[in-house]
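The chain is numbered in sequence order, starting from 1. Computed from a predicted model, the values in this text were never measured in an experiment.
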Amino acid sequence: MRIAVTYEDGQIFQHFGHTQQFKFYDVGLGKIFHSQVVDTGSSGHGAQADFLRSNQVDVLICGGIGPGAQNALAQSGIKLCGGVSGSADQAVEALMNGSLVFGEAIHCEHHGHGGGHQCGSYVGHTCSAGGDQVCSASEEN
């Protein structure tokens with residue numbers, strides 16, 4: 001399985017459409033086999049989703065992301081764990097052990113979305129009445 005994280009200086013970059021780098025992690029059997037930082041060479045939500053698809057990414061961990069990008073990822077079959085901040089490496093470890101928590105601030109604020117998040121438009125996410133969600137990934141991809 002390949003996990004991508006929006007990346008800047010070891011941290012999760014907080015705007016999907018403007019990230020200049022992703023860190024890719026190739027994982028299996030509960031461990032990371034290989035990781036590398038890759039320059040995107042472009043920006044924009046559609047270009048980033050195409051970049052991830054062409055690099056055979058199964059799961060994306062990111063900060064803020066708008067609904068158009070969420071839909072592009074869903075159409076590509078890429079599972080989304082958005083609204084995450086902090087260390088990229090620690091987020092991947094948490095994803096692998098089933099404990100990655102992401103909050104309700106999944107949308108980039110400049111897209112004009114208010115308080116809570118919207119559900120049902122992207123792969124691998126189910127919602128409860130509110131609060132934080134837990135994201136996990138299976139190695140069956």
Side-chain angles (χ1 to χ4, degrees), residues 1-128 130-141:
M1 172 174 40
R2 178 166 272 186
I3 301 168
V5 180
T6 54
Y7 189 79
E8 183 177 63
D9 296 325
Q11 301 295 304
I12 299 167
F13 187 73
Q14 292 300 299
H15 188 150
F16 173 75
H18 291 279
T19 192
Q20 296 296 307
Q21 296 179 318
F22 287 100
K23 187 168 183 182
F24 292 149
Y25 300 81
D26 294 316
V27 302
L29 303 174
K31 68 181 226 174
I32 298 169
F33 287 105
H34 178 72
S35 66
Q36 67 179 349
V37 176
V38 179
D39 291 333
T40 64
S42 63
S43 65
H45 302 98
Q48 303 295 32
D50 289 343
F51 180 80
L52 294 176
R53 180 178 45 249
S54 70
N55 281 280
Q56 301 176 325
V57 169
D58 299 299
V59 179
L60 169 67
I61 299 172
C62 67
I65 184 169
Q70 291 177 35
N71 288 333
L73 293 170
Q75 290 173 0
S76 296
I78 298 172
K79 181 176 180 174
L80 172 63
C81 299
V84 181
S85 62
S87 164
D89 292 347
Q90 289 176 358
V92 170
E93 291 289 339
L95 177 70
M96 290 171 51
N97 70 34
S99 64
L100 180 63
V101 176
F102 64 95
E104 293 189 14
I106 192 169
H107 293 299
C108 300
E109 290 189 18
H110 77 274
H111 290 288
H113 301 287
H117 67 274
Q118 298 173 356
C119 299
S121 63
Y122 52 97
V123 174
H125 176 78
T126 57
C127 286
S128 60
D132 292 335
Q133 307 295 319
V134 176
C135 202
S136 65
S138 71
E139 294 180 18
E140 297 176 7
N141 290 339

Does a side-chain heavy-atom distance below 4.5 Å link Phe13 with Gln21? no
With a 4.5 Å cut-off on side-chain heavy atoms, are Val38 and Asn55 touching? no
As a quick check of understanding, evaluate side chain to side chain contact (heavy atoms under 4.5 Å, CB included) for Tyr25 and Leu95, giving each step before the final call. CA-CA 12 Å; Tyr25 300 81; Leu95 177 70; over 6 Å; no
In Å and rounded to the nearest 0.5 Å, what is the [atom1] to [atom2] distance from [X] to [Y]?
X	Y	atom1	atom2	answer
Leu100	Gln90	CG	CD	11.5 Å
Asp26	Lys31	CG	NZ	12.5 Å
Ser76	Asn71	OG	CG	10.5 Å
His15	Gln48	NE2	CD	9.5 Å

Given the rule in the side chain to side chain contact (heavy atoms under 4.5 Å, CB included) test, do Leu80 and Cys62 qualify, once you have shown the distances and angles that lead to the verdict? CA-CA 8 Å; Leu80 172 63; Cys62 67; 3.7 Å; yes
Counting distance only, does the side-chain N/O of [X] pair as donor-acceptor with the main-chain N or O of [Y] below 3.5 Å?
X	Y	result
Asn97	Ser99	yes
Arg2	Phe24	no
Gln14	Ile12	yes
Gln70	Ile65	yes

What pairs of residues pass the salt bridge (charged side-chain N to carboxylate O under 4.0 Å, His left out) test when at least one of them lies in residues 80-102, not counting sequence neighbours? Lys23-Asp89
How close do [X] and [Y] get, counting heavy atoms only, and between which atoms?
X	Y	answer
Val57	Val59	CG1-O, 3.2 Å
Val92	Ile32	CG1-CD1, 4.1 Å
Val27	Ile3	CG2-CD1, 4.0 Å
Val5	Ala88	CG1-CB, 3.8 Å

Under the ring-ring contact (aromatic ring centres under 6.0 Å, His included) definition, can you give me all pairs with a residue in residues 49-83, not counting sequence neighbours? Phe22-Phe51
Please determine which of Thr40, Leu60, Asp58 meets the side-chain contact (heavy atoms from CB on, under 4.5 Å) test together with Leu52. Leu60
